[in-house]
2 protein chains.
Amino acid sequence: MKSDKAKAMNKKNFYALHSDVCKTLANPKRQEILDNLREREMSVNELVEKTGISQANLSQHLSILRTKRIVSTRRDGINVYYTITNPKIIAAFDLISDVLDESVTSQTEAIREGMNSKR
Amino acid sequence: MKSDKAKAMNKKNFYALHSDVCKTLANPKRQEILDNLREREMSVNELVEKTGISQANLSQHLSILRTKRIVSTRRDGINVYYTITNPKIIAAFDLISDVLDESVTSQTEAIREGMNSKR
DNA sequence: ATCATGTATAATAATGTTCGAATATTATAA
DNA sequence: TTATAATATTCGAACATTATTATACATGAT
């Protein structure tokens, strides 16, 4: 049986974990990396070519994604191949696309509605 | 008909928008605020009491959420009530919980598997 | 061994985020 | 009007994130 204080601590901790996942996704380059990995694994070099991000910077971002277990690696000889570990990340990605769509739509509507009113 | 360069620009822009949404969610206090607003609207004061976050700081976070159109406001006399604008944000929240669950599970399994091997 | 290729890490400067403190705004009541 | 309660904004210091540069490490070939 947990105290209310303990429960509150658990919640705070939960929010911290939650925001940690979001932090990992909260970068355009990491979004681009994940979008590139969505249907197939890729080596770092392939990712460099696809994205135009410098090798060092890409490696740093991949390191962040690895640490948070969002991507996994497989070495084949000299190359290291990256895959998405948990497909739910892809679902989250797509959900955010939906939110974006609706956000853009509602902004467009707001502008339309505002057209005839004084500013 | 768009050039490949234009397409790439669109993509980069898309990733920027995507990460912007994630950035907004990438803070434990904002996660806590959203979790509190998930079934009903609340005034700022109620949120202060529920969360223990200072009024000024709460107001700052609410301002960020407002700007990104993740929450909406309604004024009633002296109080301002906040609601979640787009229910898909809640879906995203829950999806992240799932990812967390599985991440914890897989880590536990990894530890179990590692138990009998040398370190 | 040396070399070439692919990948990872460290150090640093620039930029962005967060929180507390003080102050401003808004609406209502007296 | 003045006072009060609820909310919002501004500023600055502390801290975190990012991209670049240089360097290190790992693998396979010679």
Side-chain angles (χ1 to χ4, degrees), chain A residues 12-13 15-34 36-37 40-85, chain B residues 12-13 15-34 36-37 40-85:
Chain A
K12 298 274 181 189
N13 192 44
Y15 298 134
L17 289 170
H18 245 249
S19 71
D20 245 42
V21 175
C22 292
K23 262 198 197 89
T24 311
L25 306 178
N27 175 288
K29 296 193 178 175
R30 290 197 289 275
Q31 289 282 344
E32 183 169 14
I33 292 166
L34 291 175
N36 271 284
L37 295 180
R40 66 178 187 83
E41 67 171 15
M42 278 195 193
S43 71
V44 179
N45 247 340
E46 283 182 281
L47 283 169
V48 167
E49 281 162 29
K50 281 272 188 183
T51 63
I53 301 168
S54 80
Q55 184 272 318
N57 193 14
L58 199 39
S59 203
Q60 288 169 333
H61 284 299
L62 288 170
S63 162
I64 291 166
L65 291 167
R66 238 187 300 129
T67 305
K68 300 298 171 55
R69 294 169 171 275
I70 288 174
V71 298
S72 312
T73 61
R74 166 177 85 79
R75 182 179 270 277
D76 182 8
I78 214 169
N79 301 291
V80 176
Y81 291 90
Y82 280 80
T83 0
I84 290 173
T85 309
Chain B
K12 297 274 180 188
N13 192 46
Y15 297 133
L17 289 170
H18 245 249
S19 71
D20 246 42
V21 174
C22 293
K23 264 200 196 91
T24 311
L25 306 178
N27 176 287
K29 296 193 179 175
R30 290 197 288 276
Q31 290 282 344
E32 184 169 12
I33 292 166
L34 291 174
N36 272 283
L37 295 179
R40 66 177 186 85
E41 66 172 16
M42 278 194 192
S43 70
V44 179
N45 246 339
E46 283 182 281
L47 284 169
V48 168
E49 281 162 29
K50 281 273 188 183
T51 62
I53 302 168
S54 79
Q55 184 272 319
N57 192 13
L58 199 40
S59 204
Q60 289 169 332
H61 284 299
L62 289 169
S63 162
I64 292 166
L65 291 167
R66 240 186 301 128
T67 305
K68 299 296 171 56
R69 294 170 171 274
I70 287 173
V71 298
S72 312
T73 61
R74 167 178 85 78
R75 182 180 268 278
D76 183 7
I78 213 169
N79 301 293
V80 176
Y81 291 89
Y82 280 81
T83 359
I84 289 173
T85 309

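By convention in this document, chain letters (A, B, ...) are assigned in the order of the sequence lines, proteins followed by strands, and residues within each chain are numbered from 1. Note that the structure is a prediction, hence the values are computed from the model and not measured.
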DNA chain C-proximal residues of residues 45-56 of chain B, any heavy atom under 4.0 Å | S54(B), A56(B)

Counting only side-chain N and O atoms of H61(A), is one of them less than 4.0 Å from OP1 or OP2 of dT17(D)?
-> no

Of the listed nucleotides dA6(D), dT17(D), dT20(D), the one nearest the side chain of I78(B) | dA6(D)

Could you tell me whether the side chains of R30(B) and Y15(A) share a donor-acceptor contact shorter than 3.5 Å?
-> no

Between S72(A) and T83(A): side-chain donor-acceptor atoms closer than 3.5 Å | no

Starting from P on dT18(D), measure out to NZ on K29(A) and report it in whole angstrom.
-> 10 Å

Would you kindly say whether R75(B) and Y81(B) are connected by a side-chain donor-acceptor distance under 3.5 Å?
-> no

Where does the chain A footprint on DNA chain C start and end, counting 5' to 3' with a 4.0 Å heavy-atom cut-off?
-> dT5(C) to dA11(C)

For R30(B) and for R66(A), locate the closest nucleotide of DNA chain C by heavy-atom distance; then report the residue assigned to the nucleotide nearer the 5' terminus.
-> R66(A)

Whole-Å distance, I33(B) CD1 to dA8(D) C1', equals 14 Å

Could you state the CG-P distance from L65(B) to dA8(D), rounded to the nearest angstrom?
-> 12 Å

May I have the distance from I64(B) (atom CD1) to dT10(D) (atom C1'), rounded to whole angstrom?
-> 14 Å

Nearest-nucleotide check on DNA chain C, K23(A) vs R75(A); residue mapping nearer the 5' end is R75(A)

Could you give the CG-to-P distance, from L58(B) to dT9(D), as a whole number of Å?
-> 13 Å

